[in-house]
Structures are given as structure tokens and as C-alpha cells.
There are 2 protein chains.
Amino acid sequence: MDARKRRILGTLIDDYIVSAEPVGSRTLAKKYGLGISSATIRNEMADLEELGFLEQPHTSAGRIPSDRGYRYYVDELMQRPQVGSDTVNRVRMAFSAPVREIAWFIHQTAQMVSEMTAYPSVVVAPPVNDACLGDIRVMQLNSGTLLLVVATDSGMVENRAVPLPEDMNFEQVGWLAHEFAREFRGMPIKELKDRILDPLSSDEERYHGLWESLLAWMSDWRSNDDRVTLAGSLNILKYPEFRDVGKVERVLGFLQREQAVEQLLNQTSPQSDQVHVIIGQESPFDAIWDCSVVTATYQLRGHIVGQVSVIGPKRMQYAHVVTTLEMVSEELSRALKWA
Amino acid sequence: MDARKRRILGTLIDDYIVSAEPVGSRTLAKKYGLGISSATIRNEMADLEELGFLEQPHTSAGRIPSDRGYRYYVDELMQRPQVGSDTVNRVRMAFSAPVREIAWFIHQTAQMVSEMTAYPSVVVAPPVNDACLGDIRVMQLNSGTLLLVVATDSGMVENRAVPLPEDMNFEQVGWLAHEFAREFRGMPIKELKDRILDPLSSDEERYHGLWESLLAWMSDWRSNDDRVTLAGSLNILKYPEFRDVGKVERVLGFLQREQAVEQLLNQTSPQSDQVHVIIGQESPFDAIWDCSVVTATYQLRGHIVGQVSVIGPKRMQYAHVVTTLEMVSEELSRALKWA
DNA sequence: GGTTAGCACTCTAGCCACAGGAGTGCTAAT
DNA sequence: ATTAGCACTCCTGTGGCTAGAGTGCTAACC
């Protein structure tokens, strides 16, 4: 791979990313001032195809990048643009609102990223299991219903309205919740869940039932469900490779399977602060073999707890997406510093 | 409109609903034992077209129903099937879970309806404005952050994490919230919002700031946003009339504009317990002129507070959808009796 | 020896003509 | 009033054809 081959490959992919049409030698020679003739480019392109970086849809068409070609482009060739300061400001503004639930940040992030990139965006929220119990409160909704509110210290909140147990009144339940919170505040939710299996944890006969309910309910706390927020899914309809409804269905259907998405982002992306790119068949899920996924991680209290991610056609604006995600995930981590 | 015309129109629409192909006189005569020849049917069909109930895509094609034809079908012709008792049981089971937030019911409903009908489903939650304040609590998330939880007596809950004000500690905020709840419990949220404009409501100098924050926050409570839950939107991709990505984009794009959807369901559907059907251009929104919308209302405390609704191609399984929605909205109203 | 002009070759997309088929409307017979 | 028959219309699918884009190869060039 000499410099000229790299130059040609990079230019070709740049062109294909915006045109979505196979790129021929003539186009390359004319449109971009490469200083060499189309014949030379043809020779080089034949080499690049032999090396596996390019493909030909059919004999008399131009070339398109192969998965391997995209991979080389992402790893070696693409030029990262600077993120405009107005974009950064926009993100900072959004994150500086006086709202502090983690769920809110997740939604904001997904929304902004899909708008900024014009691709669908997926954001994975921190796992509840790793967070610590912040507080539990009981509220009275009406005469027969109470609302349990459980919060982690990092700002994840879960509500559950339940009937008031027959043999208790509100004060009692409130007192119980207070005791529960006093006993377990600061304990990781995961440990709390484990308690359920430990019968010794419920001392008082009287409150046995509700105490167990509280624990049972904790165990129920959606640890794997509902962690995934999807935004801008309709963006995908804009790209010509998805003019076929069947493809759209495959991809969007996949994106709605939260567990699969979480698995994809969790397992394949290394726990690093590097942006990670999955191209086409590199994905373990064949539903998105026509797509590329770009993933960045964000941190809470110094630990990586979730991902911000973009999905689009393999012909994706990698440079723009990568820098955008880098910036957003960094800002998100910063915005979550209070937690 | 004699009986035979009605019979022909009804049969033709029944056929078109499943086949999605223009229906010819021969098909009608052969496939369904109408006891008359195709020539007679042709004459009748010509009449029906003149009356505006049928259309011809082109001269040598069969007929398809016009909007007016569907309207007549829905109002007069269609045969409502019985809802299977297993289906009813499934819905009752789902609604009998020991969970009682209204938001949960809304999601369940949308999910179930879209599965049962195989169309996208939209459910509108009760307006917050009409509900009454149930309780307010303040929770401590961590040293600098507090979580306000506001609930209506009907089980709608809203959380907001905010920084602890500089000049207050948690006890003070907690006491304040307690006072606030004591003062305003049972008051409609709408009235609470109006208070914001009334400067006399804040007596105590000391707590002026937070008191106002609480009120301001109430006013912020998404009264119009977020009322709309959409489920099964990908179902629409299954129908041949949406093989064109542009159409899909128009319709799904519309469904994501919550305010428009709410407006559609609120304004056009009468406040009755009758199921209401909007066919094609009867809708004020041209984005869904290729679609029909079926809407049922549900009740909370004897008042109609929201809608359960299905959207699909004009060639919709009206009979099935109408009976399903009737059943589901009834069960939903029943399930919300505790509130 | 690398580069390039030139040329023959290949393959697709688009166009046109054509035939088959489905369905109609009309007429005349029942 | 109904229906069989028939001419007519229009869409759809097919096949052949051409134009154009792009390639690979060869021979000339620097």
C-alpha cells in the first residue's frame, strides 16, 4: 500500500460516501486533481480490488468500497474535521439545563446526536445494578393506593404504584420505607437484589410482607430492559440504500430489540474511551450487515457505564460521526459529574 | 342503494381489504356465491361508481373503494365479529398486574393493541391538567442533589432532580414540600399552574425561591408533550400500499409529531364512548390521507380522558379493529377504576 | 519502468414495440 | 330485468435494441 494507492482509496471512498454511486476511474481523475490519468487509476484500482479493498458491482461499473476498504479508511485514511464551536456550545447548553435525571440526559443525547449526524442514534443508559440506593419514599396517591419511589444516588428513579396492603396504613408503610432506606442507603442495587434470596434479612415478623415486597420489587427493577433509547430512526429512510422496505424493516426491527442492541454495543465495543466502529459483517447480527455502527462510551464517576452510538449505511460519514460522538460523549461525561 | 348494491359493495370491500388488488366483476361473481352474473355485477358496479362509492384506477382494472365507499361500509355494511374470549382474557390478565401507574397501562395498551391488530397503535394518556395533586416528596440523591417527586392522585408521576439551593438544607426543603403538599393536595394541577401568576401565593419570604420553583416546575409539567404513546409502528411496513419509502416516511413522521397526533385524536373524535373512524381525506392532516384511523375513548373516574387508537391503510380490517378497540378501551376503563 | 492514450469489450439502464390478459361497456337475446 | 357475447381499452411483462459508462489490455511515450 503505497501513498498513491492510499490516496486513491481515500478519495474514492470520500466520493462514494456522498454520491452513493460506484466510482469510476474517469470521475476520480477529473473531479479530484490527483495529477494522474484515468488509466493509471484503473491499474491501481485493479490492484486495490485484488487486495480486497474495493468491489465491483458488475464488470462495467465503477468500484465501491468493500468492508475491508471501509475498515482501512476508518483506521488510516479519513481526515477528522474539527467540531465547530457552535456545535459544542449547543451541546453544552442542552446539558446545562437545571434538570438532573440521568434518563433525561440519555434522551437529550440520543435526540441531539441523531439530529447532528442525520442517522439514527442509540444511547445505552447506565446499568441500575451498579448504582447505589439513594432513597426510598412512599407517597399517598389516594385512599387505597401508594406510590413507592426508589432512587439511586446517581439520579435514576423508578416509580411503582401499588395497592396499600390490607393490614397496614400509610404511616406504617412510610416508616417501613424509612427504615429500609436507612438500613440500605449506599448499598449497590445488585447486592440488594441478592438479599432477596437471604431469608435472614427480614427480621420483623410484622412487616415481613412489605419488606419482602420492597426487595422483590428491587429485583424487578429493569436492569436490562429499557436501558436503550433510540432516536431519529426515520433518518434511515433518507438514504438510497434503504429504499427497499424489507431492508428498513430488518434494521429498524433490530433496533427495537433492546437486548440485542445492548449486547451489540456492550460486547463488541471495548471498554475504552476510544470511539469504536463496526462495519457491515463485522457485526454478529446479520440484520445490520448493510450498516455500520459507531460507538463511544461515557463515564459516570470515573467508570464507563454506557454507550452513545450511531447507526447508518456502511457508506457513512465516518469522520463527522466519529468526531461528533467523541465530543458528545465527553460532554455527557462532564455533564454527569454532579452525580 | 338497494340491498343488492349493498351486498356487492360490501363483498367487494371485504375482498379488497384482504387482497389489496382492484376487484373485478368476474372475481366477485365466481369467488363469492352472489347468485348473479358478472354482467349484472358490472352494471351495478358502474352505478356504484357513479354514486361515488367505487373508483377505477384505470379503465381496464377492477374497482377499488373510494373514501365514501369505506365510509358507507363502516357505517352500514361491515359485520362485527365477536371478540374471542381468549383475547379478552389476555387483555384482562395484562391489566390485572399489580402495577398501577397510569403510564404503565398506557404502554401496555398500545403494545397489545398493535399486536392484536397488526397495525401501529397510538394511545393518548390522560391530561395532567385535569388531575389533582396527590403528594409531593423530596428525596436526597446525594450530597448536592435532591429529587422532587410529584404525583397526582390518579397515579401520574413526575420526577425532577435539581441541585439543592445554596441557602437551604434537605430538612428545610423537605418541610417546604410537606407544607406545599398539605396546602395544595387535591387541587387540580391546572389551578396550581395558574397560581404561578398570582404573587400573593408565596407568603414566607424565606422560602420564596423554592416555593416558586415548585410552582414553576408544576407549570412545566408536560401537559401536552409526552401524552402520546406509539407502538408497533413497523407494522405499517407489512402492507403493500407502503412499499414506497416516501409514504412510510410521511406517515411515521406524522405519528412522531405528538402534538399533531393528539390534536387529530382529540379534535376529530367526539367525546363519546362510540368508536370513531377517520377515513383518508376526512383527516385534516394530509400526511395520513392514505390512512384510516380508528379511535376509542377510555374513562377515568367517569370522565373520558384519553384515546386508544389504531392507524393503518384505508384498506383496514375495520370490523376487527373496531371490536378490538371497543373491548380494549372498556377493559382499560375498568382497569383504571382504582384511581 | 512507470505512465498514458487508445481501443475493443462488457454490462447495465432505458426505451420501444409487442403480446397477453384482465376488465369493462354496450348490445342483443333471453 | 338479467345475461351472454364481443369489441375495446389499458396495464403489465417481455424481448430486443441502443447509448453510455467503465473496464482491461496493448502499444507508445517520457
Side-chain angles (χ1 to χ4, degrees), chain A residues 1-9 11-16 18-66 69 240-241 243-244 315, chain B residues 1-9 11-16 18-66 69 240-241 243-244 315:
Chain A
M1 282 296 275
D2 56 22
R4 195 170 67 184
K5 278 199 177 52
R6 295 160 55 101
R7 179 107 191 272
I8 290 174
L9 181 57
T11 313
L12 187 149
I13 297 186
D14 281 338
D15 187 84
Y16 184 66
V18 306
S19 74
E21 300 283 328
V23 186
S25 57
R26 196 184 138 81
T27 315
L28 228 40
K30 275 221 158 179
K31 200 159 148 194
Y32 307 90
L34 296 184
I36 44 179
S37 76
S38 65
T40 311
I41 295 180
R42 271 202 291 286
N43 290 328
E44 295 286 38
M45 277 163 69
D47 290 353
L48 284 166
E49 181 166 359
E50 214 167 325
L51 290 168
F53 294 113
L54 294 179
E55 291 171 353
Q56 236 176 339
H58 53 84
T59 333
S60 75
R63 304 301 210 288
I64 62 174
S66 67
E241 32 270 275
R243 213 169 299 152
D244 172 30
R315 177 187 66 85
Chain B
M1 281 298 273
D2 57 21
R4 195 171 66 184
K5 279 200 177 53
R6 295 159 56 100
R7 180 108 189 271
I8 290 173
L9 180 58
T11 313
L12 187 149
I13 296 185
D14 281 339
D15 187 83
Y16 184 66
V18 308
S19 73
E21 300 283 329
V23 186
S25 56
R26 197 183 138 82
T27 315
L28 229 41
K30 274 221 157 177
K31 198 160 150 195
Y32 308 90
L34 295 184
I36 45 181
S37 77
S38 66
T40 310
I41 295 180
R42 270 203 290 287
N43 289 328
E44 295 285 37
M45 275 163 70
D47 290 352
L48 284 167
E49 182 167 357
E50 213 167 327
L51 291 167
F53 293 113
L54 293 181
E55 292 170 353
Q56 236 176 339
H58 53 84
T59 334
S60 76
R63 303 299 209 292
I64 63 175
S66 65
E241 32 270 274
R243 213 170 298 150
D244 172 30
R315 177 187 68 84

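Lettering of chains follows the sequences in order, A, B, ..., and the numbering in each one begins at 1.
Computed from coordinates, the B:I41 CD1 to C:dG23 P distance equals 12 Å when rounded to whole Å. Here the P atom of nucleotide D:dC11 and the CD atom of B:E21 are 15 Å apart, to the nearest Å. The distance from atom CD1 of A:I64 to atom C1' of D:dG22 is 15 Å, rounded to the nearest whole Å. With rounding to whole Å, B:L28 atom CG is found 11 Å from C:dG23 atom P. Remark: C1' of D:dT3 and NZ of B:K30 are 16 Å apart, rounded to the nearest angstrom. Taking atom CG on B:L34 and atom C1' on D:dT2, their separation rounds to 15 Å, with Å as the unit. The CE-P distance, from B:M45 to D:dT2, rounds to 16 Å in whole Å. Put simply, CG on A:L48 is 12 Å from P on D:dT23, counting in whole angstrom units.
Each ring-ring contact (aromatic ring centres under 6.0 Å, His included) pair with one or both residues in residues 35-65 of chain B, not counting sequence neighbours, appears once here: B:F53-B:Y72. Applying the salt bridge (Lys or Arg N to Asp or Glu O under 4.0 Å) test to every pair with at least one member in residues 31-40 of chain B, sequence neighbours left out, gives these pairs: B:D15-B:K31.
Partners of B:E55 under the side chain to side chain contact (heavy atoms under 4.5 Å, CB included) rule, at least two apart in sequence or in another chain, are B:I64, B:S66. Residues satisfying the side chain to side chain contact (heavy atoms under 4.5 Å, CB included) test with A:R4, not counting sequence neighbours, are A:D2, A:I8, A:I36, A:T40, A:E44. In this structure A:Q56 satisfies the side chain to side chain donor-acceptor pair (under 3.5 Å) test with no other residue, sequence neighbours excluded. A:E49 meets the side chain to side chain donor-acceptor pair (under 3.5 Å) test with A:R63; sequence neighbours excluded. Residues satisfying the side chain to side chain contact (heavy atoms under 4.5 Å, CB included) test with B:D14, not counting sequence neighbours, are B:Y73.
Closest to the side chain of B:R4, out of C:dT3, D:dG24, D:dT2, is D:dT2. Side chain of B:T27, nearest nucleotide from C:dG23, D:dG22, C:dG25: C:dG23. Closest to the side chain of A:T40, from the set C:dT3, C:dG25, D:dT3, is C:dT3.
Using a 4.0 Å heavy-atom distance criterion, B:S25 is classed as a sugar-phosphate-only contact.
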Problem set entry | Base-contact (B) and sugar-phosphate-only (S) positions in nucleotides 25-30 of chain D, heavy-atom cut-off under 4.0 Å, - elsewhere | ------
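For A:R26, the CZ atom counts as loosely surrounded, since its 6.0 Å shell holds 12 or fewer non-hydrogen atoms of other residues, nucleotides or ligands.
Closest of all the heavy-atom pairs between A:G33 and A:R7 is O-NH2, 3.8 Å.
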Which protein N or O atoms sit under 3.5 Å from an N or O of nucleotides 8-14 of chain C?
unit_1	atom_1	unit_2	atom_2	d
C:dC11	O2	A:S60	OG	2.8

